[in-house]
Each structure stands twice: as structure tokens, then as C-alpha cells.
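What's counted below: heavy atoms across the whole structure, side chains too, no hydrogens, waters or symmetry copies. In what follows, chains carry the letters A, B, and so on, assigned in the order in which the sequence lines appear, proteins first and then strands, with residues in each chain numbered from 1.
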2 protein chains.
Amino acid sequence: MAAGATHRPVQTRCADCPIRYRAVCSHCEAKDFEELERIKTYRTYAPGETIAWAGEHMPLVGSVVDGVAMLSSTLPDGRRQMVGLLLPSDFVGRPGRAGLSFDVVAATEITLCMFNKSEFERMVGRSPHIEHRLLEMTLDELDAAREWMLLLGRKTAREKIASLFVIMARRDAELHRHVPRDGLSFPLHITREAMADYLGLTIETVSRQISALRRQGLIELGDNRMVHVPDFAKLIDQSGDDADGGVLV
Amino acid sequence: MAAGATHRPVQTRCADCPIRYRAVCSHCEAKDFEELERIKTYRTYAPGETIAWAGEHMPLVGSVVDGVAMLSSTLPDGRRQMVGLLLPSDFVGRPGRAGLSFDVVAATEITLCMFNKSEFERMVGRSPHIEHRLLEMTLDELDAAREWMLLLGRKTAREKIASLFVIMARRDAELHRHVPRDGLSFPLHITREAMADYLGLTIETVSRQISALRRQGLIELGDNRMVHVPDFAKLIDQSGDDADGGVLV
DNA sequence: ATATGCGTTTGATCTCGATCAAGGAAGACC
DNA sequence: GGTCTTCCTTGATCGAGATCAAACGCATAT
């Protein structure tokens, strides 16, 4: 049923963390839900803390409850590239795989809701629709990774920054289900260094481009790392992508 | 069983195309095999021909029998980035998804072995192990895409070219199951333009870097687009990645 | 043989983003 | 208060790769 439909799970913030399961499958059956409920554990990491190293055996899977983590990969000489950004509701871990291919690092203070991988896999074995949902989520990640390849390979510094802001604005809108009227705001959790690592730039270039966007009135930086975008369509214009009339989602 | 093991299907070149199915699952049951055998069709495309456009509905899935295709994505102003390279035995198409996210273009003359997507999906519904295998393949692609993000974001032109040659040498060795003794050779099917699109460079830079590698004796260009690598470890040294003792696979 | 076309190579120059360097803002701690 | 530290900003300079331009090699066609 509903095969082919992309149903990114709706984020429902909740102290009791139903997210963790909803992130896996929004069409779940009650018994699966209860089973997962039983085996869940929470853990919080400090900013900068490494959650898991590439190659390491990771015996847990789970999802982000709150905060931001990054998947990154490092060359022997220290050059680093972030290959994925994990925001609240994102799935963490590699079902059916022994080790990780990339480092997982907390970008901010972050809370994960984790559960034992082998128990989770046993459940996947019993419920084919979970595997189906995992395949869909992986295809989404693959699409996102490929979009990012376009950014890394062909976009200018200015376009890269604008694209990042567009993506973060969209993720935030999705998370809070708000439809902004004139202008929109979102929190910029991550540091300049994390942005640089993500965009394939240096922190100086990131800083200069943000200053430039600010000088031109395309963005405003407020308190508590909030970014305000007076005209979203104008920001999209700067991102190099098709405008699509400046639609948020 | 054998969950967690990565079993990239072994390529068995064959006029009757068992590849197509082996590419999906090397642990298949005979009845699935026969069903797929019944519904397969072949098609050949000319170099440069577009197999499918991004956003288009693609009612077929299949695999590459012979030749090279590329997945690519284009900015409104024409800048292009290749986001995937499809070599023999690679899977083509998006099971469970309506449309494509990227253009599929033949880089060389290419033969695909295709079958009807909805029939394939019906089969997937009946055999959970096929879906399991699809998830594994998608995770492999995701890893490859993320490796490529590191290349696009952080490697120099020289390192990009060397990395590409290393990858193509490995893919070729895997395909022919040969263990090269001193030096190895592989065919360079794709044009300078395709390389540039893949690496996020211009054709001039690609050409210059290849000339430089040749001048330094790291590669030799022979007839029929063959590339000979006298010392594979030295080439890996230039790729920026960890050496791993110059191991081929 | 000459022409046409495409992919490739090479040279000259320019430019965007990296690098090097200094200073500023905001918080934590004594 | 002062002094860390960490993150951010801005300036000056440099250089890798882009851009512009010309020519070459090697097909196939005329």
C-alpha cells in the first residue's frame, strides 16, 4: 500500500519520544510500537563529542530527538568533509551493516533515542513493511546526497551558503509545520566550521559570504543564532537552483 | 542470513543476461529467477543518448549489461554534475518510486537489460529477501555517494583524477576477476567531458592533470583508450586517500 | 586531397576562494 | 575586575583552477 508515496514522518516532539518509532515507519502496527517502546534508551552527547567513529562497530540504531549531529569523513592529512547532517527525527545507524563508514559527531548538544540493533533487526525480519520503510528512507538520503554533490561540484560559495540556508529553513518549517507569511526565521545551530565542512569551503569564506548576504538585506541575524529571511524567493534566487516561485516546501 | 555481509553480486558476462537477476540478488530462489527471465527485455542506446530525464516517470527497472551510463543533474544555467556512474552489473531505476531525480545518459554505447517495474515490484512484495537486497545495494550507493562528496568538496584536481583512475581500475579488476601482478590496465570508456562533469572540474583541467600524471610516469595511455598503471600504489598515493599498501580491492 | 567535425591538448590570463594574519565579541572562570 | 578560550569577522595576499583562445589528431564525408 501507498508504495511510491514519499511519507517523511511527521515530527511530533514529545518527552516520551514516540518520534523514534515514527521516524522508522508512520504506518506501524501497535505491537511493533510497544516492542520498541520497551527496549528504547536515551543518551545525550556534548557539542563536539564523537558519537561513533568510522569503521567502528555500532550496536545501536535510533533517531535524533533534539540537537544536530554530523556525518563526516576525513582525509589522512586532516581535510574534512561533512557528508550528512542529522536533524531531529532523522534516523541514525545502519541496519543490516556491521560498521559505520563515516564519523558521527555531535554538532550541538544532542539527545538520541537509541535501541539495540540486533533486537531492531529481529523486528525488521518479522515486519517486512519496516524494511520497506527503511528502503524508502535510504533512497531519500541517497537523493539528498546526490543533490549535495551538485552543490559541492558546481556551485559558487555564495550559492552554497544560500542553498544551506534554504535547506535549513525548509527543515525547520517542516519540523514546526508553520507556513510563514511574510518572511521566515530559523535557528542556525551549527558553527561556521561545521558549515564550512559541509559546504566544502573555509570558515573565512563562509563568514564573508554571510556578511555579504546580510549587507544586501537578504538575511538578518538576530539573537540566539536566529536567522531571519525577509524574502525567501530572493534567497532561493541566490542558491543557483530553480526558483519554483519561492515555494517553501 | 548472512545479514551484514556485503555481497556485491559477481559479474558473469553472458549473452543470455543472468546478470540482470544476479545484480538484484545472488541468493535468489529458482522460481524468482524464472519469473524474471520471462519478462526481461533488452535495449541498446547510442553514446550521448538520454535514457531518461529527471522527473520523468520511468516504468522500467533493470541493470547495465555492457557500456557506461551516467546519472547527472543540471543547474538552470547549464552547469552539470554527474552524481553516479553506472557500469556493467549496476542496477538502474528506482523501485517503489514514481519518478527519477536525475537524468540518465548513455556515456558510451550501452545495453540495458530491463523489466517492467510494476511486475518487478509485485515480485518484491512476494519475496522479502529481494527488498533486503535492494536495501543493501542502496546503502552501498549511499556510501559511494558520500565518498564522492569528500572528493568533490576537499580534493585537489590532481587527487580527483587519481581517485577516478583508482576507482575505474578497481571496478575493472572486479569485473574481470583478474589479480594483476606488475602493473594493471583498464579501458577509459568515458570522454574528458564526462570526467570533468564527474569530478567537478573543466575539461581543460582534466586534460592537464592527465598529461601531468603521464609526464611523471604514473600512467601510460595506450591504444583503444587503454590506461596502463605501472605502479598502482603510487597512483593511490596521488589520490589523497589512505594508501592501504596499494591493495587493489 | 580537401574539408568538416569532434575530442583533446596546450598556452595565456584572470578570478574566486584559500591562506596568512590580526583583531573583536561573548562567555567561563579565577 | 582581569584573563582565558572559543568563535567570528575583516583585511591583504596568493595560487589553483577557470576562462579564453588557438591548434592538433583523427575520424568520416565530399
Side-chain angles (χ1 to χ4, degrees), chain A residues 46-49 68 75 77-81 106-109 151-164 187-216 219-227 238 240, chain B residues 46-49 68 75 77-81 106-109 151-164 187-216 219-227 238 240:
Chain A
E49 194 175 351
V68 182
L75 255 15
D77 65 3
R79 280 173 287 173
R80 190 155 29 130
Q81 176 63 49
T108 63
E109 174 161 298
L151 176 144
L152 291 171
R154 294 300 186 196
K155 287 189 179 177
T156 65
R158 148 76 55 117
E159 289 168 339
K160 286 177 174 182
I161 294 285
S163 298
L164 179 65
L188 194 58
H189 305 285
I190 62 176
T191 64
R192 297 286 182 271
E193 189 184 17
M195 286 189 249
D197 283 347
Y198 203 20
L199 300 170
L201 298 170
T202 59
I203 56 170
E204 294 95 330
T205 299
V206 169
S207 186
R208 270 187 257 272
Q209 293 299 334
I210 289 178
S211 298
L213 286 176
R214 195 154 50 142
R215 244 176 283 120
Q216 294 171 253
I219 58 169
E220 292 152 22
L221 303 188
D223 281 359
N224 282 88
R225 297 171 163 274
M226 288 301 287
V227 179
Q238 298 293 317
Chain B
E49 193 176 348
V68 182
L75 254 15
D77 65 3
R79 282 173 285 172
R80 190 156 28 132
Q81 177 64 49
T108 63
E109 174 160 299
L151 177 144
L152 291 172
R154 293 302 186 195
K155 287 188 179 178
T156 65
R158 150 75 56 116
E159 289 168 337
K160 286 177 175 182
I161 295 285
S163 298
L164 179 65
L188 192 59
H189 305 286
I190 61 176
T191 65
R192 297 284 182 270
E193 189 184 17
M195 286 188 250
D197 283 346
Y198 203 18
L199 299 169
L201 299 171
T202 59
I203 56 171
E204 294 94 330
T205 299
V206 169
S207 185
R208 271 187 257 272
Q209 293 298 335
I210 289 179
S211 298
L213 286 176
R214 194 153 52 140
R215 245 177 280 118
Q216 295 170 253
I219 58 169
E220 293 152 21
L221 303 188
D223 281 0
N224 283 88
R225 296 171 165 273
M226 287 303 286
V227 179
Q238 298 293 319

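Near DNA chain C, defined here as any heavy-atom distance below 4.0 Å, there are no residues from residues 187-198 of chain A. Residues from residues 151-159 of chain A with heavy atoms under 4.0 angstrom of DNA chain D: there are none. Against DNA chain D, the stretch residues 200-213 of chain A makes heavy-atom approaches under 4.0 Å through E204(A), S207(A), R208(A), S211(A).
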Evaluate K155(B) against L199(B) for side chain to side chain contact (heavy atoms under 4.5 Å, CB included), listing each step before the verdict. CA-CA 10 Å; K155(B) 287 188 179 178; L199(B) 299 169; over 6 Å; no
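We find the CD1-CD1 distance between I219(A) and I161(A) to be 8.5 Å, quoted to the nearest 0.5 Å. Atom CG of L188(B) sits about 10.0 Å away from atom CE of M226(B), to the nearest 0.5 Å. Note that NZ of K160(A) and OG1 of T205(A) are 9.5 Å apart. Values are rounded to the nearest 0.5 Å.
Counting only heavy atoms from C-beta outward, the side chains of R192(A) and I210(A) approach each other to under 4.5 Å. Proximity of R208(A) to L201(A): side-chain heavy atoms (C-beta onward) are nowhere separated by under 4.5 Å. Looking at T156(A) and Q209(A), their side chains never come closer than 4.5 Å, going by heavy atoms from C-beta outward. In this structure, D197(B) and R154(A) have side chains that are in contact, with non-hydrogen atoms separated by less than 4.5 Å.
When the side-chain hydrogen bond (donor to acceptor under 3.5 Å, both in side chains) test is applied to R158(B), the partners found at least two apart in sequence or on another chain are Q216(B), Q238(B). Annotation: side chain to side chain contact (heavy atoms under 4.5 Å, CB included) contacts of T191(A) (sequence neighbours excluded): E193(A), A194(A).
Mapping heavy-atom proximity under 4.0 Å, the span of DNA chain D touched by chain A runs 5' to 3' from dC8(D) to dA12(D).
When atom types are taken as modelled, the side chain of E220(B) and the backbone of R214(B) share no donor-acceptor pair closer than 3.5 angstrom. Of the possible polar contacts, none joining the S207(B) side chain to the I203(B) backbone as a donor-acceptor pair under 3.5 Å is found.
L164(A) and Y198(A) make their closest contact through CD1-CD2, 3.7 Å (heavy atoms, listed as atom of the first residue, atom of the second, distance).
If you take CG of D223(A) and C1' of dG27(C), they are 15 Å apart, rounded to a whole angstrom. Between the CG atom of N224(A) and the P atom of dA26(C) there is a distance of 13 Å, given to the nearest Å.
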